[in-house]
Amino acid sequence: MNNSDALGATLSDAVNAGKLLESSRANIVELLAGSTNPAFPASVGELVDGGHWNELNDRFFKKLAFGTSGLRGRTIGKIVTAAERGQAAEGERPELPCTGTNALNFYNVTRATRGMCVFVKKYFAEHGKSGKPSLVFSHDTRLFSREFAEFAAKVTAQSGVDAYLFEDFRPTPELSFAVRQLNATGGVMITASHNPSHDNGYKVYFQDGDPIIDPVATGILNEVNAVQSDSFDPVPEAEQGTITIIGKELDEAYFARLKGVMLNPALLEKARDLKIVYTPIHGTGMVHVPRLLGSLGFNYLTVPEQDIPDGRFPTVVSPNPENAAALKMAMDLADREKADIVIATDPDCDRMGVAVRNAQGQLQLITGNQIGSLMAWYRTKTMFEIGWLNESNRKNAAIVKTYVTTRLQEAVAHAYGVHVVNTLTGFKYIGGKLGKYERALPAELQARYRQMSDEESRAVRLEHSKFFIFGGEESYGYMCVDWMRDKDGNGAVLMFAELAAYAASRGLTVTDLLDEVYLEYGYFHEQSENLIFEGASGAATMKKLMDSFSAHPPGELAGVKVAAMLDFGTMDIHDEEGDLVPKENMFMLTLEDDRRFVIRPSGTEPKIKVYFFGQHPAPEGQKLNAADLPKIKQETAAGLTELWKFIQADVAARLAE
């Protein structure tokens, strides 16, 4: 019996003994048969010999699948094998990424890139396009990100597709901008956004510069799934694509457009004392944010230890700017320097979190819903004040948000008479709406739309289509332009800095300003919780729970009857524009007292997300009483805490069945 046969027998015995999933066994066999990488059998053999069946199940129970617009998974295993570690010392990055079909490694980067190339070549042929399709590649500061990007660009050229490769790490939104600026067929960003350091990802964009949605997403997925090996024969040399390195020139074009995000630069004359601390948390935010703030006259400083690009993110447990722990060093610096606000972006600079000094002089984190609502309100208000929007054109202006984002933004939109539309979670759907608005323009305007200035594009959208005011989601992602099509931490930093300057110009803190908004539009409170289910067993548990909600939705919660239930996976649901919402595994329940509960699996992490929404509307034509606001806040929050307790008990009962 040779080594392969012996391993096969051992794996089958492990399946029979209940130690290894059958899907894991099948994927191990397929990987080893489809690759010539010697590290793969060495790593599998070491894990088998050590009896690390849980690790093998985690690495192989499924093939890494396209989630929210791409692939995301571990690049560093929970157990690092000797073959993976190579000569690296403990604590250093292993020489090779994690072996597995459920991991982000060169095997899966090859499969994804080859599938992507097949798709874009077919797309070119089916649409009668001449020349070669092209893909833009960028990456963040994570472990193996540069290697994956360079490798993917090489595979792309060998597959007969032209490749553009950024000279070094860049923020995710600049990749979106580059796809449009270069008129590329698509793009790939190597990033796992705000995930822990052991993860990485492969995020795919199409020709409009937005993350892929159906039918393109399914088309690419089918081609990727058809690739069973990381070995392939390049096309003949004369048919191969080129690799073009891009950098400073495109940086300057992106930077120039970014500066236009600020609506009222004159505010700074009244807010010269405003001091900002910014941290990129070892990520790509350092490429543009400091220069952007400085060029517009903001008074800022950064956290030196976190200015250093480092995919290990050594100064934080997790580089997620919504978490207080990730902002601690910046907040400590802000206290020492008596700064007013702290702004942080995640490693690929598409998300932004903040802490602001409140009326008591203490730094306080505010939520993604609060950040987004303040910016949506400020930008809408200011656009009316500077004359961009008025009573005659406001019906053609829109705020776009997700279903799981606060209803406060809807209240603001309704008060100003502008359009509001809800989408599924993910900026790919917000970007999809912007693509729809662009396609609604007359053909002659569409043909030169990407070359238009901000002023000209705003005018044609207000006349012929929809002008995009602001888009956001509760998970700290925001955008306010349509010359790129994904959330943008760079633009978000500038939007929030301007908002803070506006508050300072009136002698207010940001929290004071937030209370003013609540008094005007009503108090809205949100609470988000996570149910974590890691590994192979976790995926099965998540499916069981979501299937249970679909088959047996609750009729009441916390003693209050359910007034409405939307099952986005089975019901035909239309948005505010009449468009059919794509099917998604998500449930929304609204109670008779108007509290709301939403549950959905994350598209990028092994968890189920649970969202709660409460509100205390202002009386028709009136404001809330300022003296009542503290009590309203307390009661609304208590109502959501009560709801969460009931949901936890309900989930436990469903999983016990």
Side-chain angles (χ1 to χ4, degrees), residues 367 369 373 401-411 413-414 420-425 473-474 518 521-531 541-576 580-602 607-620 622 624 628-629 631-657:
T367 70
N369 280 309
S373 296
K401 59 180 283 292
T402 65
Y403 284 103
V404 296
T405 298
T406 177
R407 289 176 282 181
L408 174 55
Q409 293 175 24
E410 296 174 27
H414 293 323
V420 64
V421 60
N422 283 277
T423 72
L424 293 176
T425 303
E473 56 185 6
E474 47 72 41
Y518 287 146
Y521 303 102
Y523 181 65
F524 294 77
H525 182 71
E526 299 77 35
Q527 181 176 331
S528 299
E529 303 291 347
N530 295 313
L531 302 168
T541 302
M542 289 168 64
K543 184 178 186 305
K544 177 181 178 180
L545 180 58
M546 297 305 294
D547 288 348
S548 174
F549 270 101
S550 182
H552 307 289
E556 68 172 46
L557 290 169
V560 181
K561 289 184 178 180
V562 173
M565 191 277 287
L566 294 178
D567 182 342
F568 286 78
T570 62
M571 299 169 65
D572 285 342
I573 298 169
H574 294 81
D575 65 24
E576 292 84 352
L580 182 65
V581 177
K583 293 292 187 287
E584 175 144 312
N585 196 7
M586 181 172 84
F587 303 93
M588 177 187 292
L589 288 82
T590 303
L591 306 186
E592 288 184 341
D593 61 8
D594 216 26
R595 283 181 292 175
R596 182 173 288 177
F597 154 67
V598 179
I599 184 168
R600 55 174 284 271
S602 169
K607 64 186 180 184
I608 285 178
K609 292 189 169 187
V610 189
Y611 308 84
F612 302 95
F613 304 86
Q615 62 183 27
H616 187 107
E620 187 70 29
Q622 301 179 47
L624 292 178
D628 296 334
L629 190 56
K631 182 180 179 183
I632 290 171
K633 289 182 178 182
Q634 183 179 22
E635 291 177 347
T636 307
L640 300 190
T641 300
E642 176 192 36
L643 201 54
W644 171 227
K645 289 180 180 177
F646 274 83
I647 291 298
Q648 287 176 288
D650 182 77
V651 166
R654 291 173 186 273
L655 294 181
E657 293 175 353

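Because only heavy atoms are used, hydrogens play no part in the values below, and waters and symmetry mates are left out as well, while side chains stay in.
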Checklist entry - What's the verdict on side-chain contact (heavy atoms from CB on, under 4.5 Å) for Lys609 and Asn530, showing C-alpha distance, side-chain angles and the deciding distance? => result CA-CA 5 Å; Lys609 292 189 169 187; Asn530 295 313; 3.6 Å; yes
Checklist entry - Can you tell which of Thr570, Asp567, Asp572 makes a side chain to side chain donor-acceptor pair (under 3.5 Å) with Lys583? => result Asp572
Checklist entry - Just by modelled atom types, is the Glu474 backbone N or O under 3.5 Å from a matching donor or acceptor in the Thr405 side chain? => result yes
Item to check | Side-chain touch Pro619/Leu624, heavy atoms, less than 4.5 angstrom | outcome: yes
Checklist entry - If we only count heavy atoms from C-beta on, is the Val562 to Leu591 side-chain gap below 4.5 Å? => result yes
Item to check | Residue that, paired with Ser548, satisfies side chain to side chain donor-acceptor pair (under 3.5 Å) out of Arg654, Glu657, Lys543 | outcome: Arg654
Checklist entry - Given Tyr523, which of Leu408, Asp628, Ile632 fulfils the side chain to side chain contact (heavy atoms under 4.5 Å, CB included) condition? => result Ile632
Next on the checklist: Can you tell whether the side chains of Glu410 and Lys401 come within less than 4.0 Å, N to carboxylate O?
Outcome noted: yes
Checklist entry - Looking at Arg407 and Gly614, what are the two nearest heavy atoms and their distance? => result NH2-N, 4.4 Å
Checklist entry - Short question: side chain of Asn369, backbone of Thr406 - any donor-acceptor pair under 3.5 Å? => result yes
Checklist outcome for this item: Rounded to the nearest 0.5 angstrom, the OH-CZ distance for Tyr611 and Arg600 is 4.0 Å
Checklist entry - Under the 3.5 angstrom rule, does the side chain of Arg595 hit a backbone N or O of Gly639 as a donor-acceptor pair? => result yes
Checklist outcome for this item: Residues Ala558 and Leu643: closest non-hydrogen pair is CB-CD1, 4.3 Å
Checklist entry - What's the shortest heavy-atom distance between Pro554 and Leu589, and which atoms? => result CG-CD2, 3.4 Å
Item to check | side-chain contact (heavy atoms from CB on, under 4.5 Å) between Phe613 and Val404, worked out | outcome: CA-CA 9 Å; Phe613 304 86; Val404 296; 4.3 Å; yes
Checklist entry - Tell me, do Tyr403 and Val598 make a side-chain contact under 4.5 Å, heavy atoms counted? => result no
Next on the checklist: Do Met586 and Ile573 make a side-chain contact, defined as non-hydrogen atoms from C-beta onward lying under 4.5 Å apart?
Outcome noted: no
Checklist entry - How close do Phe568 and Met588 get, heavy atom to heavy atom, and via which atoms? => result CE1-CB, 4.0 Å
Checklist entry - Just wondering, are more than 12 heavy atoms of other shown residues or ligands nearer than 6.0 Å to NE2 in His574? => result yes
Checklist outcome for this item: Value for OG1 (Thr541) from CD1 (Ile608), rounded to nearest 0.5 Å, stands at 9.0 Å
Item to check | Any donor-acceptor pair under 3.5 Å from Glu576 side chain to Asn422 backbone | outcome: yes
Item to check | Student check: side-chain heavy atoms of Leu557 and Ile647 closer than 4.5 Å | outcome: yes
Next on the checklist: Just checking Gln634: does its CD atom have more than 12 heavy atoms from other residues, nucleotides or ligands closer to it than 6.0 angstrom?
Outcome noted: no
Item to check | Polar side-chain atom of Lys544 near backbone of Leu655 as donor-acceptor pair, under 3.5 Å | outcome: yes
Next on the checklist: Quick check for you: to the nearest 0.5 Å, what is the distance between Glu473 atom CD and Leu424 atom CG?
Outcome noted: 11.5 Å
Item to check | Nearest heavy atoms of Glu584 and Thr425, plus distance in Å | outcome: OE2-N, 4.4 Å
Checklist entry - Rounded to the nearest 0.5 Å, how far apart are CZ of Phe646 and CZ of Phe597? => result 13.5 Å
Checklist entry - Looking only at heavy atoms, what is the nearest atom pair of Gln527 and Ala637, with distance? => result OE1-O, 4.5 Å
Next on the checklist: Measuring from atom OH of Tyr521 to atom CD of Gln409, what distance do you get when rounded to the nearest 0.5 angstrom?
Outcome noted: 12.5 Å
Item to check | Pairwise distance NZ(Lys607) to CG(Leu531) - rounded to 0.5 angstrom | outcome: 10.5 Å
